[in-house]
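Here's the structure, in structure tokens; my notes come after.
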Protein chains: 2
Amino acid sequence: MIKISFNTLRETLKLKLLKYGFEESEAGLCSKILSENNLYGVASHGTNRFCSFISLIKSGHIVVKTKPVLFKSFGAWEQWDAQKGPGPLNAWTATDRAINLSKENGIGVVTLKNSNHWMRAGTYGWKAAEEGFIMIAWTNAFPMMPPWGSKQAVLGNNPITFAVPRKTGPVVLDMALSQYSYGQLSNYRRENKPLPYAGGYDLYGNLTTDAGEIYESKRTLPIGYWKGSGLAIMIDLVSTILSGGNSTLDIGMSEHDTAMSQVFIVFDPSKTNTAESINAIANSIIDSVKSSEPAEQSEIVLYPGERALNRKNEYLKSGIPVDETVWERILKL
Amino acid sequence: MIKISFNTLRETLKLKLLKYGFEESEAGLCSKILSENNLYGVASHGTNRFCSFISLIKSGHIVVKTKPVLFKSFGAWEQWDAQKGPGPLNAWTATDRAINLSKENGIGVVTLKNSNHWMRAGTYGWKAAEEGFIMIAWTNAFPMMPPWGSKQAVLGNNPITFAVPRKTGPVVLDMALSQYSYGQLSNYRRENKPLPYAGGYDLYGNLTTDAGEIYESKRTLPIGYWKGSGLAIMIDLVSTILSGGNSTLDIGMSEHDTAMSQVFIVFDPSKTNTAESINAIANSIIDSVKSSEPAEQSEIVLYPGERALNRKNEYLKSGIPVDETVWERILKL
């Protein structure tokens, strides 16, 4: 790992995006989003994915110059076609639009079809919460997880973000519906360490903590066994029906996780609360969690988003750790 | 277990509700909801909870004659105060109102404060889906589950329902955020059987499949460990802020799980799809799940709601199994 400052990271990615056809302002925003993914501790959706992001641009799966267009409006809910533009920019636009709809209607919903990988779900949750809004958003995804009772990976891990504003740090959940992402499995496999909890099955259908065995079987475990499996099915159904776009089944017909369907739901809590009262409610709930008695192997109880915020503060001071090989590949793009 | 026909069950419960102060039509609807909970295989939220439902009426925690009232409206989102009326009737009213709001705005949201236990989350999902709507709804709950990293039960298990219409059977997920409910733990403890998967911790902080040990430690396990814990925190935050009602912390100040906060989100998919196209999308996704290759210990892959539908069809033919002791207690009310 080498350490790189946020500004160097952002400027480097921006220059590459300009080289591959982005306009000035889009390159600025997209490089900000990707660099912040590293800053918040999610390199898998920042530098580690940057080369494949550029590959998908070269192969035409991501179309740099297109922007989402509105194609149907029903009041508080709008359907947009992202036209295979860059996923992070599409999702950013959808978040902004859902925020504006929520100002008019209390709640605002934007559905996106033909979008691309939005990278880190939390990006959009943090954005909405930092602007004072409550967000629930999710995306469907390439098939990579078997449903409960099956050995065939026909479900996406369909990441979700939930976000609530709070002055001393928004509360932001960002989670995929598999117990571990393939990025995490890959780290454990490389370091030859067992997973803390079973993360999938071996080739014979036994639960295992061996990431290598899960890579072999392609049988990752949904969170809560049958429960996460059911939730992944529902997220795919709702995303596909509401957006008019592709299901996980459709996405799997391609070789890449492109042209997916996404849902952005935003509430404007200022309709019914002052910023102070929202903050007081959030603090009271978070304080009850953080002041609860720690378990045996635990020193501190974290709230959703706390670890990301700590990483951000640490990395802003001491630099962002970036894989050296990945960094060299990026510089050569 | 004795077997009772749906009509006998419903009529019996209705007479008891009339005796405890319900009006004719409310007694009819409430007894229908509670009997259907048994019919769909969830006796824990039907007959098994009926005596404590009546106790809460006697103690004034459930106020029979009150109805939810609208107190603020922001367009597509309305805030209602359920005034501690019967939970199933409040949630039914909220579902109806959210459906009507979705017809106007594409999406409709009703938040309820001061409601009571809605019993089976799926009741409202099935209702919305059978009427052609997509629903996402949840409730916060009495503290009963420790957050990740803690041994103190400060979170609710905050049940969620997701529902999508489909001609041959709506797809309805109904799940709490603990791996097992206390009702299920109680069954395993009584039968002295191990849980299929760890469902909580023993007194020393070890994961266990012994339901008795979990009863002792009061440390149930969130689905997906840290993930379900985070989701439970978010559901409580969003419910409390949007409804203006009680958080799990507030609910825990009382001895009973009353005066909780609930959120009902409904989409009208007919705005953008014909009933046929919605059905075709739902069938394509469900078929891909059901036709995926079964795992080693599995013969069939189920979709969310399939088991409930099978139970309903079976019980309508052969009668609904009801615990004999519970039935005798109900008859004596």
Side-chain angles (χ1 to χ4, degrees), chain A residues 72 74-77 79 104-107 109 134 146-147 149-152 154 162 164 171 173 175 179 197 204-205 223-225 227-228 230-231 233-234 236-238 240-242 244 247 249 267 269 271-273 278 281-282 284-285 288-289 292-298 300-304, chain B residues 72 74-77 79 104-107 109 134 146-147 149-152 154 162 164 171 173 175 179 197 204-205 223-225 227-228 230-231 233-234 236-238 240-242 244 247 249 267 269 271-273 278 281-282 284-285 288-289 292-298 300-304:
Chain A
K72 273 190 194 167
F74 317 109
W77 161 29
Q79 287 183 310
E104 292 165 37
N105 305 285
I107 178 169
V109 178
I134 289 177
S150 162
K151 56 166 75 168
Q152 193 183 341
V154 299
F162 263 77
V164 165
V171 191
L173 178 73
M175 67 174 206
Q179 189 62 57
Y197 301 93
Y204 311 100
I223 60 165
Y225 311 95
K227 295 194 173 190
L231 192 51
I233 294 169
M234 299 314 304
D236 189 35
L237 279 164
V238 176
T240 306
I241 294 173
L242 294 184
S247 66
L249 178 67
F267 289 91
K271 297 284 184 199
T272 180
N273 293 285
I278 296 167
I281 295 170
S284 127
I285 292 173
S288 82
V289 168
S292 67
E293 193 184 352
E296 288 75 5
Q297 271 79 43
S298 176
I300 184 173
V301 186
L302 295 169
Y303 70 82
Chain B
K72 274 191 193 166
F74 317 109
W77 161 29
Q79 288 183 310
E104 292 165 37
N105 305 285
I107 179 169
V109 178
I134 289 177
S150 162
K151 56 167 75 167
Q152 193 182 342
V154 299
F162 263 77
V164 165
V171 191
L173 179 73
M175 67 174 205
Q179 189 63 58
Y197 301 93
Y204 311 101
I223 60 166
Y225 311 95
K227 295 194 173 189
L231 192 51
I233 294 169
M234 299 313 304
D236 189 35
L237 279 165
V238 176
T240 306
I241 294 173
L242 294 184
S247 66
L249 177 67
F267 288 91
K271 297 283 183 200
T272 180
N273 294 286
I278 297 167
I281 295 170
S284 128
I285 292 173
S288 82
V289 168
S292 67
E293 193 183 351
E296 288 75 5
Q297 272 79 42
S298 176
I300 184 173
V301 186
L302 295 170
Y303 69 82

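We use all heavy atoms of the structure for the numbers below, so side chains are in, but hydrogens, waters and symmetry mates are not. Here is the naming used below: chain letters follow the sequence lines, and residue numbers restart at 1 for every chain.
- Checking side-chain atoms of Glu293(A) against main-chain N and O of Gln152(B) turns up no donor-acceptor pair under 3.5 Å.
- Both the backbone and the side chain of Val289(A) have a heavy atom closer than 4.5 Å to some heavy atom of chain B.
- Distance CZ/Phe74(B) to OG1/Thr272(A): 4.5 Å, rounded to 0.5 Å.
- Interface residue Gln79(B): only side-chain heavy atoms are found under 4.5 Å from chain A.
- When Ile285(B), Ile281(B), Val154(B) are compared by the number of non-hydrogen pairs under 4.5 Å with chain A, Ile285(B) comes out ahead.
- Contacts of Val164(B) with chain A are made by both backbone and side-chain atoms, with heavy-atom separations under 4.5 Å.
- Heavy-atom distances place both the backbone and the side chain of Ile241(B) under 4.5 Å from chain A.
- With a threshold of 4.5 angstrom between heavy atoms, Leu173(B) approaches chain A through its backbone and through its side chain.
- The parts of Leu237(A) that come within reach of chain B are both its backbone and its side chain, each placing non-hydrogen atoms under 4.5 angstrom from that chain.
- Taking chain B as the reference chain and counting heavy-atom pairs below 4.5 Å, the highest number among Leu302(A), Asp236(A), Val238(A), Leu242(A) is found for Leu242(A).
- Contacts of Lys271(A) with chain B are made by both backbone and side-chain atoms, with heavy-atom separations under 4.5 Å.
- With respect to chain B, the highest number of heavy-atom pairs below 4.5 Å among Ser298(A), Gly205(A), Gly75(A), Ser150(A) belongs to Ser150(A).
- Taking each heavy atom of Gly149(B) and Val301(A) in turn, the nearest pair found is O-CG2, 3.7 Å.
- At a 4.5 Å heavy-atom cutoff, the contact between Phe267(B) and chain A is made by side-chain atoms alone.
- With rounding to the nearest 0.5 Å, the separation of CD1 in Ile107(B) from CG in Asn105(A) is 10.0 Å.
- Contacts of Leu249(B) with chain A are made by side-chain atoms alone, with heavy-atom separations under 4.5 Å and no backbone atom involved.
- If you tally non-hydrogen atom pairs under 4.5 Å between each of Glu104(A), Gln179(A), Gln297(A) and chain B, the highest count goes to Gln179(A).
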